**Student:** 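Here it is: the structure, laid out below.
On a predicted model such as this, the values are computed, not experimentally measured, just so you know. Just so you know, residue 1 is the first one in the sequence shown, and it goes up from there.
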Amino acid sequence: MARVVKVFRTLRNHWKKSTFAVCVLSYGGHWLYGKHNDNVLRREACIEARAFGHQLIGPQEHLKKATVILNPAACKGKANRLFEKNAAPILHLAGMEVKIVKTDYEGQAKKLMELMDQTDMLIIAGGDGTLQEVITGLLRRADEETFSKIPIAFIPLGCSNSLSQSLHLDSNNKVQHITSATLSILKGETVPLDVLQIKPVFALLGLLWGAFRDVACSISNYWYLGPLKTRAAHWFSCLKQWPQTQQTSLSYLAPVPRPPDLPTEIPPRPNLLYRIYRRLQNYWNTPIQDPEPERWENKDISTLELTVSTHNKNPVKRREADSMLITLDPDSLTAGQFITEGTKKALNPMESVENALQIEASAACLSLPEEGGVGFYDIDNEAYEAMSVEVRLLPRKLRFFCSAEHREQLAQAQ
């Protein structure tokens, strides 16, 4: 008992050192517990992948070939280590023939896609920038009709992984997020995604242009204000200039009705005489029709921010028409409303403010003034100088691997 009293007396007399020791031990214990949980997640994912690797294949079948485009610079240079520890073991245990191609500089992924050989699947390991480069390089190929049918997987290794929210279950644990995305490749569930053609690039999420986008780029400059940095950035922006409206001319085409899905089972081929009869009948009876001219609708707009986005947020939802969504935030907001709505949009840039005008379209053309000084676009979280552009929708152009659990959640939400 005397020893216990002596220990407590020592802790009381040296309370500063005791407090510091408790803090260090608590942090160290929490860190070790997190590492243990990460190792458990990796082991469980590897056991599940090994079950796929033990499956027998036929004598005429070959190992699945997977081409990985890895950006080691993603996530502040941590992407290569994250991939090697969390994703690569799963792919190898599943019995795949994996070819890893690492990029050395920005823009190299576009050039690599021009030289890529035929593969069974394409895996993009990086962030939003790597994803956009690979998609742009893929769809620029002369034989893009063939290569766009290759299923694509996205392993979120970057600081910004916006598309991952549409494909995989959201998780605050980086290891769980990566292993879940990698396991979805083995399960084979895919969903079709729309693509926006914004020459000279392609996008899967959308385009942003306006005041909210400009302020979001300056939020990190006020890091010293902690949780108030977002409101501070919008407040200082109002002091510099108000109102911050954008004027442009918008032209757009109406949505296109979605054609029916093709049957999953191929019907039996008819006999030769019937095929010859149908071909002759189509040749003689089908009238030659000139294509109808495109009917563009013109609109002069004044808005705080213009957003052109796809419907890839819920790729499972069935729609009667193929369209993209044009959102025009009202220019009648007060400075206080601008700060409040901007704080919300900082968390979800594609979210529209109240009373925003929304237009469904299959194509759009933005005509900006030629004197310059109109800011920058954000295309899939990558900055581009703003200029007059034409945006066209390529409906259900690519197929991406998707988590089966997340797909069920989206179907239930629908």
**Student:** If you apply the rule salt bridge (Lys or Arg N to Asp or Glu O under 4.0 Å), what do you find for Glu390 with Arg392, and how did you get there?
**Tutor:** CA-CA 7 Å; Glu390 181 180 342; Arg392 285 195 175 268; 2.6 Å; yes

**Student:** Rounded to the nearest 0.5 Å, what separation is found between the CD atom of Gln358 and the OG1 atom of Thr307?
**Tutor:**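 Going from the CD atom of Gln358 to the OG1 atom of Thr307 covers 9.5 Å.
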
**Student:** Measure the shortest side-chain to side-chain distance between Lys299 and Leu357 over non-hydrogen atoms and say whether it is less than 4.5 angstrom.
**Tutor:**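 Yes, their side chains come closer than 4.5 Å.
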
**Student:** side-chain hydrogen bond (donor to acceptor under 3.5 Å, both in side chains) between Thr248 and Gln246: does it pass, once the steps are laid out?
**Tutor:** CA-CA 7 Å; Thr248 183; Gln246 305 284 1; over 6 Å; no

**Student:** Is there a donor-acceptor pair closer than 3.5 Å between any side-chain N or O of Ser184 and the backbone N or O of Cys402?
**Tutor:**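 No: the side chain of Ser184 does not pair with the backbone of Cys402.
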
**Student:** Can you name the closest pair of heavy atoms from Gly188 and Phe401 and give their distance?
**Tutor:** CA-CE2, 3.9 Å

**Student:** Any side-chain to backbone donor/acceptor pair from Gln337 onto Leu333? Under 3.5 Å, distance only.
**Tutor:**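 Pair absent, no side-chain N/O of Gln337 close to backbone of Leu333.
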
**Student:** Quick one: does Asn173's side chain get under 4.5 Å of Asp38's, heavy atoms only?
**Tutor:** yes

**Student:** Just how far is it from atom NE2 of His62 to atom CD1 of Ile57, taken to the nearest 0.5 Å?
**Tutor:** 9.0 Å

**Student:** With distance as the sole criterion, is a donor-acceptor pair present between the side chains of Thr130 and Asn71 under 3.5 Å?
**Tutor:** yes

**Student:** Check each of Ile359, Leu394, Val391 against Met324 using the side-chain contact (heavy atoms from CB on, under 4.5 Å) test, and report the only one that passes.
**Tutor:** Val391

**Student:** Report yes or no: does His406 contribute a side-chain atom to a donor-acceptor pair with the main-chain N or O of Asp170 at less than 3.5 Å?
**Tutor:**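 Checking the backbone N and O of Asp170 against the side chain of His406, no donor-acceptor pair under 3.5 Å is found.
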
**Student:** Is it true that a side-chain atom of Arg396 and a backbone atom of Val191 form a donor plus acceptor pair closer than 3.5 Å?
**Tutor:** no

**Student:** Quick one: does Asn37's side chain have a donor or acceptor within less than 3.5 Å of a partner on Gly34's backbone?
**Tutor:**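 Answer holds: no.
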
**Student:** A quick test of your reading: do over 12 heavy atoms of other residues, nucleotides or ligands sit less than 6.0 Å from NZ of Lys313?
**Tutor:**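 No.
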
**Student:** Between Val40 and Arg43, does a side chain to side chain contact (heavy atoms under 4.5 Å, CB included) hold up when you go through it step by step?
**Tutor:** CA-CA 5 Å; Val40 171; Arg43 183 166 62 249; 3.7 Å; yes

**Student:** Flag the pair Leu207 / Leu196 as yes when at least one side-chain heavy-atom distance between them is below 4.5 Å, and no otherwise.
**Tutor:** no

**Student:** Does a side-chain heavy-atom distance below 4.5 Å link Lys187 with Phe52?
**Tutor:**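 The answer is yes, as the side chains (C-beta and beyond) meet within the 4.5 Å cut-off.
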
**Student:** Do the ring planes of Trp209 and Tyr377 sit parallel (below 30°), tilted (30 to 60°) or perpendicular (above 60°)?
**Tutor:**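 Aromatic pair Trp209/Tyr377 classed perpendicular.
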
**Student:** Under the side chain to side chain contact (heavy atoms under 4.5 Å, CB included) criterion, do Gln118 and Thr146 qualify, and how do the steps go?
**Tutor:** CA-CA 9 Å; Gln118 187 67 35; Thr146 301; 4.3 Å; yes

**Student:** Checking Glu351 now: which residues fulfil side-chain contact (heavy atoms from CB on, under 4.5 Å) with it, not counting sequence neighbours?
**Tutor:** Asn348

**Student:** Would you say the side chain of Ser309 lies within less than 4.5 Å of the side chain of Leu325, judging by non-hydrogen atoms?
**Tutor:**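 SC-SC contact between Leu325 and Ser309 confirmed.
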
**Student:** Applying salt bridge (Lys or Arg N to Asp or Glu O under 4.0 Å) to Lys65 and Asp120, what does each step give before you reach the verdict?
**Tutor:** CA-CA 5 Å; Lys65 297 181 180 180; Asp120 294 321; over 6 Å; no

**Student:** When rounded to the nearest 0.5 angstrom, what distance separates NZ in Lys111 from CZ in Arg140?
**Tutor:** 11.0 Å

**Student:** Parallel, tilted or perpendicular: which describes the rings of Phe212 and His234, with under 30° parallel and over 60° perpendicular?
**Tutor:** tilted

**Student:** Please step through side chain to side chain contact (heavy atoms under 4.5 Å, CB included) for the pair Gln197 and Lys397, ending with a clear verdict.
**Tutor:** CA-CA 11 Å; Gln197 183 180 9; Lys397 184 66 176 177; over 6 Å; no

**Student:** Around atom OH of Tyr224, are there more than 12 heavy atoms of other residues, nucleotides or ligands at under 6.0 Å?
**Tutor:** yes

**Student:** Take Leu122 and Phe147 through the test side chain to side chain contact (heavy atoms under 4.5 Å, CB included) and record every step on the way to the result.
**Tutor:** CA-CA 10 Å; Leu122 176 63; Phe147 275 80; over 6 Å; no

**Student:** Any chance you could measure Lys229, atom NZ, to Phe236, atom CZ, to the nearest 0.5 Å?
**Tutor:**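 One gets 15.0 Å once the value is rounded to the nearest 0.5 Å.
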
**Student:** Under a 4.0 Å N-O cut-off, is there an ion pair linking Glu354 with Lys344?
**Tutor:**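 A salt bridge is absent here (no side-chain N lies under 4.0 Å from a carboxylate O).
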
**Student:** Return the CD1 to CG distance between Ile178 and Asn161, rounded to the nearest 0.5 Å.
**Tutor:** 8.5 Å

**Student:** Above 12 or not: heavy atoms from other molecules or residues under 6.0 Å from NZ of Lys99?
**Tutor:** no

**Student:** Look only at the side chain of Arg399 and the backbone of Thr190, and say whether a donor-acceptor pair between them is shorter than 3.5 Å.
**Tutor:**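 Present.
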
**Student:** Measuring from atom CG of Asn298 to atom CG of Leu250, what distance do you get when rounded to the nearest 0.5 angstrom?
**Tutor:**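 Answer rounded to 0.5 Å: 8.5 Å.
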
**Student:** Could you please spell out the steps behind the side-chain hydrogen bond (donor to acceptor under 3.5 Å, both in side chains) verdict for Ser160 and Asp128?
**Tutor:** CA-CA 6 Å; Ser160 177; Asp128 288 340; 2.7 Å; yes

**Student:** Run Asn381 and Ser162 through side-chain hydrogen bond (donor to acceptor under 3.5 Å, both in side chains) and show every step you take.
**Tutor:** CA-CA 8 Å; Asn381 296 323; Ser162 303; 2.7 Å; yes

**Student:** Any non-hydrogen side-chain atom of Ile150 less than 4.5 Å from a side-chain atom of Thr119?
**Tutor:** yes

**Student:** Quick check against the 3.5 Å criterion: does Ser180 have a side-chain atom that pairs as donor or acceptor with the backbone of His177?
**Tutor:** no

**Student:** List for me each residue that meets side-chain contact (heavy atoms from CB on, under 4.5 Å) alongside Asp380, sequence neighbours excluded, and say none if there are none.
**Tutor:**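 Partners of Asp380 under the side-chain contact (heavy atoms from CB on, under 4.5 Å) test: Gln132, Ala203, Leu204, Leu205.
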
**Student:** Closer than 3.5 angstrom, by distance alone: can the side chain of Thr303 be matched with the main-chain N or O of Pro330 as a donor-acceptor pair?
**Tutor:**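 Not at all, since once roles are kept as given, no pair shorter than 3.5 Å links the two residues.
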
**Student:** With the side chain counted from C-beta on, respond yes when Arg42 and Asn86 share a heavy-atom pair under 4.5 Å apart, and no when they do not.
**Tutor:** yes

**Student:** Would the distance check show the side chain of Thr103 and the main-chain N or O of Tyr105 forming a donor-acceptor pair, the cut-off being under 3.5 Å?
**Tutor:** no

**Student:** Is the shortest side-chain heavy-atom distance between His311 and Lys317 below 4.5 Å?
**Tutor:** no

**Student:** Quick check against the 3.5 Å criterion: does Gln244 have a side-chain atom that pairs as donor or acceptor with the backbone of Ser237?
**Tutor:**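 Confirmed, Gln244 side chain pairs with Ser237 backbone.
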
**Student:** Please check if atom CD in Glu405 has more than 12 non-hydrogen atoms from other residues, nucleotides or ligands closer than 6.0 Å.
**Tutor:** yes

